[in-house]
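This structure is a prediction, so every number in the text was calculated from the model and none was measured. A note on names: the letters A, B, ... follow the listed sequences, proteins ahead of strands, and every chain is numbered from 1.
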Protein chains: 2
Amino acid sequence: MDFDKQMNSRITIVDVAKQAGVSFGTVSRVINNDVHVKKETRERVVETMERLGFVANRQARSLAGGKSNSIGVLVPDLGTGYIGEIIRGIDAELSLTDLDLILYTTHRTASKETNYVTNLATGMVDGLLLVLPRSPADFIGNLTQSKFPFVLIDHQGAGRDCPSVGAANWQGGYNATEYLTNLGHTRIGFITGSMDLGCAVDRLDGYRSALRTYHIPDAPELIYEGDFFQPDGYSGAQAMLDLPEPPTAIFASNDVMAMGVMDAVRNRGLRVPDDVSVVGFDDIPQASLVRPALTTINQPLEKMGRVATQMLLDLLKHPEKKADRIELPTHLIVRDSCKSPRLD
Amino acid sequence: MDFDKQMNSRITIVDVAKQAGVSFGTVSRVINNDVHVKKETRERVVETMERLGFVANRQARSLAGGKSNSIGVLVPDLGTGYIGEIIRGIDAELSLTDLDLILYTTHRTASKETNYVTNLATGMVDGLLLVLPRSPADFIGNLTQSKFPFVLIDHQGAGRDCPSVGAANWQGGYNATEYLTNLGHTRIGFITGSMDLGCAVDRLDGYRSALRTYHIPDAPELIYEGDFFQPDGYSGAQAMLDLPEPPTAIFASNDVMAMGVMDAVRNRGLRVPDDVSVVGFDDIPQASLVRPALTTINQPLEKMGRVATQMLLDLLKHPEKKADRIELPTHLIVRDSCKSPRLD
DNA sequence: ATTTTTCTTGTAAACGCTTCCATAACTGAA
DNA sequence: TTCAGTTATGGAAGCGTTTACAAGAAAAAT
């Protein structure tokens with residue numbers, strides 16, 4: 001493993017072959033673990049490769065072999081810790097293989113997404129992991145049709161019939177709401193996420209279903225349309241607390257907005273959870289750090305990345321396999337931000 | 001841009017050439033913006049490429065052209081939001097070019113690091129961005145020697161003479177401590193980070209220097225060796241508050257530990273900042289979210305990623321350029337976790 | 001000992017592009 | 001008109017592999 005040797009003059013299989021006294025074909029076979037190599041020959045070649053510090057040229061292998069040995073991960077951006085968690089899972093799983101991870105960000109430009117996918121599917125990567133919370137784009141159809149291996153992550157909507165992994169958003173919305181009703185709340189505010197995202201819709205549906213189950217009448221004024229960012233949590237809470245009959249609990253579609261809610265509550269001199277209970281969604285790291293610690297729905301992001309990667313690897317191995325959708329369970333994490341409503 | 005055409009039968013420059021009635025050499029020239037192409041010819045070729053949905057094969061270009069059109073980013077892991085921020089900056093900058101970002105995680109295995117670097121530098125990528133907070137490994141020397149373009153991020157220590165970007169950790173440590181002394185504190189506890197990391201050492205040094213400047217006597221019992229994780233913040237604070245003469249302020253080497261400190265303070269029935277002031281380091285997103293909002297030192301992680309990338313791009317363009325180290329300033333962010341000590 | 005069969009190895013032809021060299025097609029000046 | 005001087009284009013050689021295919025060597029069967 002002499003570093004310099006590798007750096008200066010690139011060592012190729014031909015060099016190795018010459019040194020080992022075999023043909024380059026044999027060296028190639030050794031690299032690819034071909035069975036048809038005598039044991040001693042293989043050992044000699046391996047030894048030579050190590051001595052020379054040979055590293056196979058990835059590009060050449062791709063070109064000749066028709067596969068790139070890397071998988072592409074397409075994400076909208078890296079802004080939220082949310083995506084980072086998913087990538088972490090992907091990386092963890094990928095590091096068990098010899099596949100490279102090529103990261104692409106679309107920065108929320110739909111045109112860029114299509115463009116990338118086209119490029120990628122044209123030989124740059126062997127498979128694709130798509131984190132695209134937005135509504136499904138055309139290219140998903142194309143991808144499916146062309147049988148290019150890919151898995152969707154946290155993507156609901158039209159893509160139900162292609163390989164994807166998501167979280168049980170509906171269930172989470174339901175469970176959180178159920179928890180609040182069980183505590184005795186009947187005026188439960190809800191702050192939605194961006195409604196163009198499937199997950200936001202599902203969470204809202206879960207909330208509504210729970211209310212129905214527990215015979216709590218619809219109250220449109222208790223639903224505020226947010227966008228997943230903190231300011232909307234704040235303003236949503238303000239709006240609701242201004243109501244003649246304000247909610248005793250507020251369920252925000254994600255933790256960041258829930259923190260906005262907490263701020264708004266406090267800024268009116270009210271207390272969490274004594275005056276207003278707050279529930280979030282996601283269970284981001286800071287959920288356990290804020291005071292009071294936030295009761296929330298845990299979404300297994302890292303695991304979603306892992307599972308999606310496993311699915312893709314499986315797809316790569318067995319291209320004929322049918323697509324399926326895996327929905328990972330969400331869990332209610334009870335902390336300190338909820339309480340039974342005061343009886344006044 | 002017909003998707004299907006691309007997916008099914010790969011379109012090559014030869015196909016384009018045939019359709020456009022030119023030789024593939026000319027097509028190649030068009031792709032590479034070679035000056036020696038008649039305007040009309042170029043237009044015709046471009047039109048044909050678009051019509052056919054031609055996408056150049058990256059591997060082939062790399063193989064033939066001798067460069068990979070991608071840069072490698074080597075990080076220890078993705079566990080902390082910290083790295084995510086840096087990658088975000090890298091990505092932002094890279095998306096202005098047509099370079100791909102290949103992400104490698106070493107998962108804290110030194111052997112893996114060396115291995116990767118060797119591989120990468122052997123033609124897999126055109127340049128390397130290394131986020132390696134640990135003490136410098138041999139390969140940095142090799143990299144330098146072989147003139148492979150690379151930039152170190154947030155890495156102090158022996159690598160002072162190679163291209164790198166970091167944050168003013170010493171200054172941050174100094175400023176935070178100075179701020180506390182200015183508030184009137186004289187018993188200031190410090191919880192260090194992992195001392196095998198250059199940044200942790202620098203922060204401690206900054207703290208010490210500030211104390212010296214303000215003639216505050218050394219108090220070894222007020223320095224607790226932590227590891228950058230929350231539990232150590234907690235236990236460090238506990239240990240110090242048990243002291244006969246406990247600190248009136250605690251400065252933790254990063255925000256996560258500072259939150260541990262806050263917890264510990266509260267768990268003893270004391271209040272932040274009334275009884276104990278707390279300062280963190282990093283300014284992670286949740287720093288502004290916790291209550292009381294954490295006063296801390298802002299470290300421009302995203303910008304570090306950006307700057308490092310710019311340096312690398314520059315290095316790629318002008319390989320002869322001298323290495324330099326850029327230190328990005330840190331800033332004190334005053335929030336609500338500090339107060340003058342009570343006068344008892 | 002001879003002929004199969006089975007292993008093992010060598011070789012040539014891709015893979016899709018860049019790049020250099022040669023040639024062809026234009027310039028404009030003599 | 002002719003000859004250099006440009007500029008535009010075609011084509012060949014290679015980049016470092018993989019992957020047939022062919023051939024040689026060894027082992028097994030006759």
Side-chain angles (χ1 to χ4, degrees), chain A residues 6 9-46 48-49 52-70 98 100 119 121-126, chain B residues 5-46 48-49 52-70 98 119 121-126:
Chain A
Q6 296 170 53
S9 53
R10 206 93 104 214
I11 307 265
T12 74
I13 47 170
V14 177
D15 301 318
V16 175
K18 233 175 257 164
Q19 284 279 327
V22 296
S23 80
F24 63 85
T26 303
V27 177
S28 176
R29 265 168 231 125
V30 170
I31 296 172
N32 294 286
N33 279 313
D34 191 306
V35 219
H36 302 294
V37 181
K38 215 202 301 183
K39 203 175 154 212
E40 309 140 41
T41 312
R42 154 165 287 121
E43 278 162 3
R44 189 150 37 92
V45 172
V46 168
T48 310
M49 291 198 307
L52 262 42
F54 166 80
V55 182
N57 179 312
R58 210 112 177 182
Q59 343 284 347
R61 295 190 74 177
S62 303
L63 187 55
K67 58 245 204 63
S68 65
N69 265 305
S70 49
D98 71 333
D100 281 337
N119 276 296
T122 314
M124 293 210 32
V125 297
D126 296 337
Chain B
K5 280 204 198 104
Q6 296 170 53
M7 300 301 300
N8 300 335
S9 55
R10 205 93 103 214
I11 307 264
T12 73
I13 47 171
V14 178
D15 300 318
V16 175
K18 235 176 257 163
Q19 284 278 328
V22 295
S23 79
F24 63 85
T26 302
V27 177
S28 175
R29 265 169 232 126
V30 171
I31 296 172
N32 294 285
N33 279 312
D34 191 305
V35 218
H36 301 295
V37 182
K38 217 202 299 183
K39 205 177 154 210
E40 309 140 42
T41 313
R42 154 165 288 121
E43 277 163 4
R44 189 150 37 92
V45 171
V46 168
T48 311
M49 292 199 305
L52 263 41
F54 167 79
V55 181
N57 179 311
R58 210 117 175 176
Q59 342 283 349
R61 296 190 73 177
S62 303
L63 187 55
K67 56 239 201 63
S68 66
N69 266 306
S70 48
D98 71 333
N119 276 295
T122 313
M124 292 209 34
V125 296
D126 296 338

Peer 1: Which distance, rounded to the nearest 0.5 Å, do you find between the CG of A:D100 and the CG of A:D126?
Peer 2: 10.0 Å
Peer 1: Let me test you: for the helix from C:dA1-D:dT30 to C:dA30-D:dT1, what is the angle between the axes at its two ends (five pairs each), rounded to 10 degrees?
Peer 2: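 For the helix from C:dA1-D:dT30 to C:dA30-D:dT1, the axes at opposite ends meet at about 50°.
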Peer 1: Within this structure, what is the CG-to-P distance between A:N32 and D:dG16, rounded to whole angstrom?
Peer 2: 17 Å
Peer 1: Nearest 0.5 Å please: distance from the CG atom of B:N69 over to the CD atom of B:Q59.
Peer 2: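 B:N69 atom CG to B:Q59 atom CD measures 10.5 Å (nearest 0.5 Å).
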Peer 1: Between A:M49 and A:I31, is there a side-chain heavy-atom distance shorter than 4.5 Å?
Peer 2: yes
Peer 1: Return the minimal non-hydrogen interatomic distance between A:S62 and A:S68, and the atom names on each side.
Peer 2: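 Between these two residues, the closest heavy atoms are OG-CA, 3.4 Å.
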Peer 1: Work out which heavy atom in B:V16 is nearest to a heavy atom in B:L52; give both atom names and the distance.
Peer 2: CA-CD2, 4.0 Å
Peer 1: Taking all heavy atoms of A:A17 and all of A:S23, pick out the closest pair and write down the distance.
Peer 2: CB-C, 3.6 Å
Peer 1: How many Å lie between CG on A:N69 and C1' on D:dG16, as a whole number?
Peer 2: 14 Å
Peer 1: Pick base, sugar-phosphate or nothing for A:G65, based on heavy-atom distances below 4.0 Å to the nucleic acid.
Peer 2: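 The residue A:G65 makes sugar-phosphate contact but no base contact.
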Peer 1: Please give, in whole Å, the distance from C:dC17 P to A:R58 CZ?
Peer 2: 21 Å
Peer 1: Would you mind telling me which residue lines up with the more 5' stretch of DNA chain D, B:S23 or A:Q59, judged by nearest nucleotide?
Peer 2: B:S23
Peer 1: If I take atom CG in residue A:N57 and atom P in nucleotide D:dC15, what distance separates them, rounded to the nearest angstrom?
Peer 2: 12 Å
Peer 1: Starting at CD1 of B:I31 and ending at C1' of C:dC17, how long is that distance when rounded to a whole Å?
Peer 2: 8 Å
Peer 1: Evaluate side chain to side chain contact (heavy atoms under 4.5 Å, CB included) for B:T41 paired with B:R44, printing each intermediate quantity in order.
Peer 2: CA-CA 5 Å; B:T41 313; B:R44 189 150 37 92; 4.1 Å; yes
Peer 1: Within this structure, what is the NZ-to-P distance between A:K67 and C:dG16, rounded to whole angstrom?
Peer 2: 16 Å
Peer 1: Report the C-alpha separation of A:T12 and A:N57 in whole Å, then their side-chain angles, then the decisive distance to 0.1 Å, and conclude whether the side chain to side chain contact (heavy atoms under 4.5 Å, CB included) test is met.
Peer 2: CA-CA 8 Å; A:T12 74; A:N57 179 312; over 6 Å; no
Peer 1: How do A:D34 and A:F24 order along DNA chain C: which one's closest nucleotide is nearer the 5' end?
Peer 2: A:D34
Peer 1: Is there a residue in residues 36-46 of chain B whose heavy atoms reach under 4.0 Å of DNA chain D, and which residues are they?
Peer 2: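 Per residue number, the list reads B:H36, B:V37, B:K38, B:T41.
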Peer 1: Checking A:N32 side chain against A:D34 main chain: does a donor-acceptor pair fall under 3.5 Å?
Peer 2: no
Peer 1: Whole angstroms only, please: what is the CZ-P distance between A:F54 and D:dG16?
Peer 2: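 It is 10 Å, rounded to the nearest whole Å.
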Peer 1: Output yes when at least one side-chain N/O atom of B:T26 is less than 4.0 Å from OP1 or OP2 of D:dG10, else no.
Peer 2: yes
Peer 1: If the cut-off is 4.0 Å, is B:S28 near the phosphate of C:dT18, judged by side-chain N/O to OP1 or OP2?
Peer 2: yes
Peer 1: What pair of heavy atoms forms the shortest contact from B:H36 to B:R29, and how long is it?
Peer 2: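 Smallest heavy-atom distance, with atoms named: O-CD, 4.2 Å.
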Peer 1: State the CG-CZ distance between A:N33 and A:R42, to the nearest 0.5 angstrom.
Peer 2: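 The CG atom of A:N33 sits 5.5 Å away from the CZ atom of A:R42.
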Peer 1: Output the rounded distance in Å from CD1 (A:I13) to C1' (D:dT17).
Peer 2: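 The answer, rounded to whole Å, is 5 Å.
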Peer 1: Under 4.0 Å, counting only non-hydrogen atoms across every strand here, what does B:V22 touch: a base, just sugar-phosphate, or nothing?
Peer 2: sugar-phosphate
Peer 1: Ignoring hydrogens, what is the shortest heavy-atom contact between B:A20 and B:T48? Give both atom names and the distance.
Peer 2: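 Taking every non-hydrogen atom into account, CB-OG1, 3.4 Å.
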Peer 1: Check nucleotides 21-24 of chain C against the protein and report each pair of N or O atoms closer than 3.5 Å, with its distance, or say if there are none.
Peer 2:
none

